[in-house]
Asks: 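I have a structure I would like to understand better, so I am pasting it below and will then ask my questions one at a time.
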Amino acid sequence: ELLTWLNRAGYRLGVVSGATKRSVDLCLNQCRIEGGGGCLGQWFSLVVSGSAVERGKPHPEPYLKALEQLGLEGRQVLVVENAPAGVNSARAAGCYVAALETTLPRPYLKGAQWILANHAALLRLLRHGIE
């Protein structure tokens, strides 16, 4: 539901992962979306894996590389993260961060501007706007 809404709203989506390119490709191209068929990769126009950078998260390089490829500045981007290294990486690159408590609880995600319980909460936040 979240990916469908973001797509219809015109957002450009990317993946910035610390995992190897092989692992990211396997997940994005072989994981099926429940009830809808297709694979996760169809939603994302950009992928930066841990294999594509010299310094991984929490260094800002992965997100800076994504910003460069997208032609955007950090202040134009909302990053969705689930781990402290990712939150710190995105913040250091100048991005806004919404952290999801799907992996770790709130105290570990305290650097994010928004800390949300799950993807449904993120969708509610996006539908009502971010100020």
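Below, each value reflects all heavy atoms present in this structure, side chains not excepted, and no hydrogens, waters or symmetry copies. Numbers for residues simply follow the sequence, beginning at 1.
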Asks: Whether the side chain of K65 engages the backbone of A52 through a donor-acceptor N/O pair (distance < 3.5 Å, no angle test) should be reported.
Replies: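 Confirmed, K65 side chain pairs with A52 backbone.
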
Asks: Of L28, V15, V16, V24, which is the lone residue that meets side chain to side chain contact (heavy atoms under 4.5 Å, CB included) with S49?
Replies: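 Exactly one candidate clears the test, V24.
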
Asks: If only atom types and distance count, is the side chain of E61 paired as donor or acceptor with the main-chain N or O of R55 below 3.5 Å?
Replies: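 Between the backbone of R55 and the side chain of E61 there is a qualifying donor-acceptor contact (under 3.5 Å).
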
Asks: When you look at L78 and Y11, which way does the side-chain contact (heavy atoms from CB on, under 4.5 Å) test go after all the steps?
Replies: CA-CA 10 Å; L78 174 65; Y11 288 94; over 6 Å; no

Asks: Going from CG on L40 to CG on L13, what distance comes out if it is rounded to the nearest 0.5 angstrom?
Replies: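 The distance works out to 11.5 Å.
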
Asks: Looking only at the side chains, is there a donor atom on one of Y63 and E81 sitting less than 3.5 Å from an acceptor on the other?
Replies: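 Judged by distance alone, the side chains do pair up.
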
Asks: Should E1 and R124 count as an ion pair when the cut-off is N to O under 4.0 Å?
Replies: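 Salt bridge: no.
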
Asks: Using a cut-off of 6.0 Å, state whether more than 12 heavy atoms not belonging to R127 lie near its atom CZ.
Replies: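 Enclosed: over 12 neighbouring heavy atoms sit under 6.0 Å from CZ of R127.
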
Asks: Are V79 and L67 in one and the same hydrophobic cluster, where Ile, Leu, Val, Met, Phe, Trp and Tyr link if side-chain heavy atoms are under 4.5 Å apart?
Replies: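 Both belong to a single hydrophobic cluster.
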
Asks: At what distance, to the nearest 0.5 angstrom, does CG of N118 lie from CG of N82?
Replies: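 Nearest 0.5 Å value for the CG-CG distance: 12.5 Å.
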
Asks: Would you confirm whether Q69, through its side chain, and A66, through its main-chain N or O, come within 3.5 Å as a donor-acceptor pair?
Replies: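 No, Q69 side chain to A66 backbone: no donor-acceptor pair under 3.5 Å.
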
Asks: Looking only at non-hydrogen atoms, find the nearest pair between S23 and A19 and report the distance.
Replies: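 So the minimum-distance heavy-atom pair works out to CB-CB, 4.1 Å.
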
Asks: Does the side chain of W5 come within less than 4.5 Å of L123's, by heavy atoms?
Replies: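 They are in contact (side-chain heavy atoms under 4.5 Å apart), so the answer is yes.
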
Asks: Nearest 0.5 Å, please: how far is CG in L3 from CZ in F44?
Replies: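 Those atoms lie 5.0 Å apart.
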
Asks: Is any side-chain heavy atom of L126 less than 4.5 Å from a side-chain heavy atom of L2?
Replies: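 They are in contact (side-chain heavy atoms under 4.5 Å apart), so the answer is yes.
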
Asks: Is there a path from L72 to V48 through hydrophobic residues (I, L, V, M, F, W, Y) whose side chains come within less than 4.5 Å of each other?
Replies: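 Per the 4.5 Å side-chain linkage, L72 and V48 are co-clustered.
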
Asks: Is it the case that the side chain of R91 and the backbone of G111 share a donor-acceptor pair, with hydrogens and angles ignored and the cut-off at 3.5 Å?
Replies: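 Here the side-chain-to-backbone pair exists.
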
Asks: What's the spacing between L64 CG and H59 NE2 if we round to 0.5 Å?
Replies: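 Atom-to-atom, L64:CG and H59:NE2 are 8.0 Å apart.
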
Asks: Kindly compute the distance separating CD1 (I115) from CG (L100), expressed to the nearest 0.5 Å.
Replies: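 If we round to the nearest 0.5 Å, I115:CD1 and L100:CG are 10.5 Å apart.
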
Asks: Calculate, to the nearest 0.5 Å, the distance between atoms CG and CZ belonging to L70 and R12 respectively.
Replies: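 Rounded to the nearest 0.5 Å, the CG-CZ separation comes to 5.0 Å.
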
Asks: Determine yes or no for a side-chain-to-main-chain donor-acceptor pair under 3.5 angstrom, with S51 supplying the side chain and K21 the backbone.
Replies: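 Between the backbone of K21 and the side chain of S51 there is a qualifying donor-acceptor contact (under 3.5 Å).
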
Asks: Can any side-chain N or O of R75 pair as donor or acceptor with the backbone N or O of C95 at less than 3.5 Å?
Replies: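 Here the side-chain-to-backbone pair does not exist.
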
Asks: With heavy-atom distances below 4.5 Å as the criterion, would you say the side chains of L6 and T4 are in contact?
Replies: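 L6 vs T4: side chains apart.
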
Asks: Using modelled atom types only, decide if a donor and an acceptor are shared between the side chain of K57 and the backbone of V87 within a distance under 3.5 Å.
Replies: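 Such a contact is absent between K57 side chain and V87 backbone.
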
Asks: For N88 and P84, indicate whether the former's side chain and the latter's backbone hold a donor-acceptor pair under 3.5 Å.
Replies: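 Confirmed, N88 side chain pairs with P84 backbone.
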
Asks: Indicate the atoms forming the closest heavy-atom contact of P62 with V53, along with that distance.
Replies: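 Closest heavy-atom pair between P62 and V53: CA-CG1, 3.9 Å.
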
